[in-house]
Amino acid sequence: MSLKSKVKHGLKWTFIDQVLSQIIFLTFSIFLARILTPSMFGIVGMVTIFSNFAIIFIDLGFSAALIQKKEVTQSHFSSVFWLNLAIGFLMYLLFFISSPFISKFYNQPELILLIRIICLSFIITSLSSVQANILIKELQFKKKVIINWIAMLVGYLVAFIMAYKDYGVWSLVIMTLTTSILNTIFYWIASKWVPLFIFEWKKIKELSNYGLNFLGDTSVNYWSRNYDNFIIAKMLGSNDLGIYSRAYSLMLLPLRNISTIVTKVMFPAFSQKQDNIELLKKYYLNIIKYIALITFPLMIGLSLVSKEFVLLFFGDKWSKMIPILSILSGLGAIQSIISLNGLIYNSLGKVNIAFKVSILSNIVLIIGFSIGVNYGIIGVSYSYLISSALLFVPIYKMAIKQLSVSLLEVFLVLKSILFATLVMAIALLLFNIFFELSLLISLIVKVLIGFIFYISVLILFEKELFLNLKSKLNS
């Protein structure tokens, strides 16, 4: 199968994966949110702020290096596997010992046992990170998709049953472990790869330049994205963290559903064609156009129907989430495009530049969050939006420069979509001013109005785009 065919096949299956995964996520999130309290989600969030970072650190960026490097051997794979496993055990030991200090930091005594149980995922994940990346490197996304479905569905089912039987916060902890265990088992089976009893520092050193820069970029990026959760947990408590994290998860939906699909599939494909900048430029401009076509109206629309969405699906106890979701959804539209910066840097092997850019981004966001938290979670949300707007031009310009793309070229590609989204937003704002309907009727009418205005403007200015999209879907 040619690279182009593999990419198409990968995009198809990753798209199916993301759509179904997010349907599962939304469905069970809504059910769990109606059973559990925001505080319960917040308590688990306090743990995952640190544990998710540790999982990134365990890998040291070497799995990504295995994908990016054109020629790798069994010795490379095996050496990375044993290193990951060793670090996984060390990280678990570190968190086991430090759990009382983390508990005291948040003033939450129950965190000690929660940390010691949920952090078992360090060891479990380290057992399968190489196998998972072998499937990505070989563009075997169908296998990865099916594994993801099974693990996620079983994990959520376990969580729902436990929540229904009043296990509270433990339902979320056991869900995490169940998903990790199933993923590990199935990745071993699907990859058909078993590590050899080989460990060579020489092979690790070959990957270290890319891997450690990738780790640095990912780590700094992680804290810039999660410092808001950290400071909310410390300053405002578990209830506010639970509300903010749920809104943030909804904001991330287009990134998970669309941008992540493209990044997962195009990273190995771009890496193989990294010497042909002109070709990558052409594909990149096409990619952002199709992403914006969906994410811009979706996120701006969600921002304008946040009241109806939250009260109908999550209930009154989550009403504090309405303004947070409205603010963060606008940010989600920007993030859906800028999140592809990693694809550019990683596939071209320029993770050292990405690392430096992430440091700048991190400094600005941390300052913004530190100021915003004084005004509650709404202040944190606004600080995120303002900081991201200030960072957008310099950071985005630096990334697209690697593909010889200018901001003007990006604007010309997206101008019709931006205009259609603006018209849609004005129509929905006018509806809010002049009409007052029941929640369900209001949501249905707003969705219909938004869809009609958006599609009408696009057909007027971008008829060829729809024809191309239909042709690509059919093929």
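Keep in mind that this is a model prediction, so the values were computed, not measured.
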Between [X] and [Y], which heavy-atom pair has the shortest distance, and what is it?
{"X": "Leu111", "Y": "Ile102", "result": "CD1-O, 4.4 Å"}
{"X": "Ser381", "Y": "Ile324", "result": "OG-CG2, 3.3 Å"}
{"X": "Ser336", "Y": "Phe296", "result": "OG-CE1, 4.0 Å"}
{"X": "Pro297", "Y": "Ala292", "result": "CD-O, 3.6 Å"}
{"X": "Ser383", "Y": "Gly368", "result": "CB-O, 3.1 Å"}
{"X": "Ser75", "Y": "Ile198", "result": "OG-CG2, 4.2 Å"}

Under a 4.5 Å cut-off applied to non-hydrogen side-chain atoms, are [X] and [Y] in contact?
{"X": "Ile322", "Y": "Leu311", "value": "yes"}
{"X": "Lys446", "Y": "Leu304", "value": "no"}
{"X": "Leu328", "Y": "Leu250", "value": "no"}
{"X": "Lys234", "Y": "Val373", "value": "no"}
{"X": "Tyr167", "Y": "Val173", "value": "no"}
{"X": "Trp318", "Y": "Arg34", "value": "no"}
{"X": "Pro38", "Y": "Arg246", "value": "no"}
{"X": "Ile395", "Y": "Ser361", "value": "yes"}

Please walk me through it: do Ile366 and Phe369 pass side chain to side chain contact (heavy atoms under 4.5 Å, CB included)?
-> CA-CA 5 Å; Ile366 286 174; Phe369 291 143; 5.6 Å; no
Taking side-chain contact (heavy atoms from CB on, under 4.5 Å) as the test, write out the residues that go with Ala151, two or more places apart.
-> Thr179, Leu182, Asn183
Return the set of residues passing side-chain contact (heavy atoms from CB on, under 4.5 Å) with Lys192 (not counting sequence neighbours), or none when no residue passes.
-> none
Hey, mind stepping through Ile146 and Phe186 against side chain to side chain contact (heavy atoms under 4.5 Å, CB included) and telling me if it holds?
-> CA-CA 9 Å; Ile146 294 171; Phe186 291 131; over 6 Å; no
Does the pair Phe314 and Phe309 meet the rule for a side chain to side chain contact (heavy atoms under 4.5 Å, CB included), with working shown?
-> CA-CA 8 Å; Phe314 288 85; Phe309 182 83; 3.7 Å; yes
[atom2] on [Y] to [atom1] on [X], rounded to 0.5 Å:
{"X": "Trp170", "Y": "Met40", "atom1": "CH2", "atom2": "CE", "result": "13.0 Å"}
{"X": "Lys289", "Y": "Ile337", "atom1": "NZ", "atom2": "CD1", "result": "12.0 Å"}
{"X": "Ile115", "Y": "Phe95", "atom1": "CD1", "atom2": "CZ", "result": "8.0 Å"}
{"X": "Tyr227", "Y": "Ser370", "atom1": "OH", "atom2": "OG", "result": "3.5 Å"}
{"X": "Leu293", "Y": "Ile288", "atom1": "CG", "atom2": "CD1", "result": "12.5 Å"}
{"X": "Thr125", "Y": "Leu85", "atom1": "OG1", "atom2": "CG", "result": "11.5 Å"}

Can you tell me which residue pairs pass the salt bridge (charged side-chain N to carboxylate O under 4.0 Å, His left out) test with a partner in residues 93-104, sequence neighbours excluded?
-> none
Identify, with sequence neighbours excluded, every residue that meets side-chain hydrogen bond (donor to acceptor under 3.5 Å, both in side chains) alongside [X].
{"X": "Lys320", "result": "Asp240"}
{"X": "Tyr248", "result": "Tyr384"}
{"X": "Ser326", "result": "Ser303"}

Name the one of Ile377, Asn239, Leu236 that satisfies side chain to side chain contact (heavy atoms under 4.5 Å, CB included) with Tyr244?
-> Ile377
Would you please test Leu172 and Ile118 for side chain to side chain contact (heavy atoms under 4.5 Å, CB included) and show each step?
-> CA-CA 9 Å; Leu172 300 175; Ile118 204 169; over 6 Å; no
Can you establish whether the number of heavy atoms outside Phe96 located under 6.0 Å from its atom CZ is more than 12?
-> no
Above 12 or not: heavy atoms from other molecules or residues under 6.0 Å from OH of Tyr382?
->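 Open.
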Where does the angle between the aromatic ring planes of Phe81 and Trp193 fall among parallel (under 30°), tilted (30 to 60°) and perpendicular (over 60°)?
-> perpendicular
Polar side-chain atom of [X] near backbone of [Y] as donor-acceptor pair, under 3.5 Å:
{"X": "Ser245", "Y": "Gly242", "answer": "yes"}
{"X": "Ser388", "Y": "Leu385", "answer": "no"}
{"X": "Ser78", "Y": "Leu196", "answer": "yes"}

Just checking, any donor-acceptor pair under 3.5 angstrom between side chains of Ser129 and Tyr187?
-> no
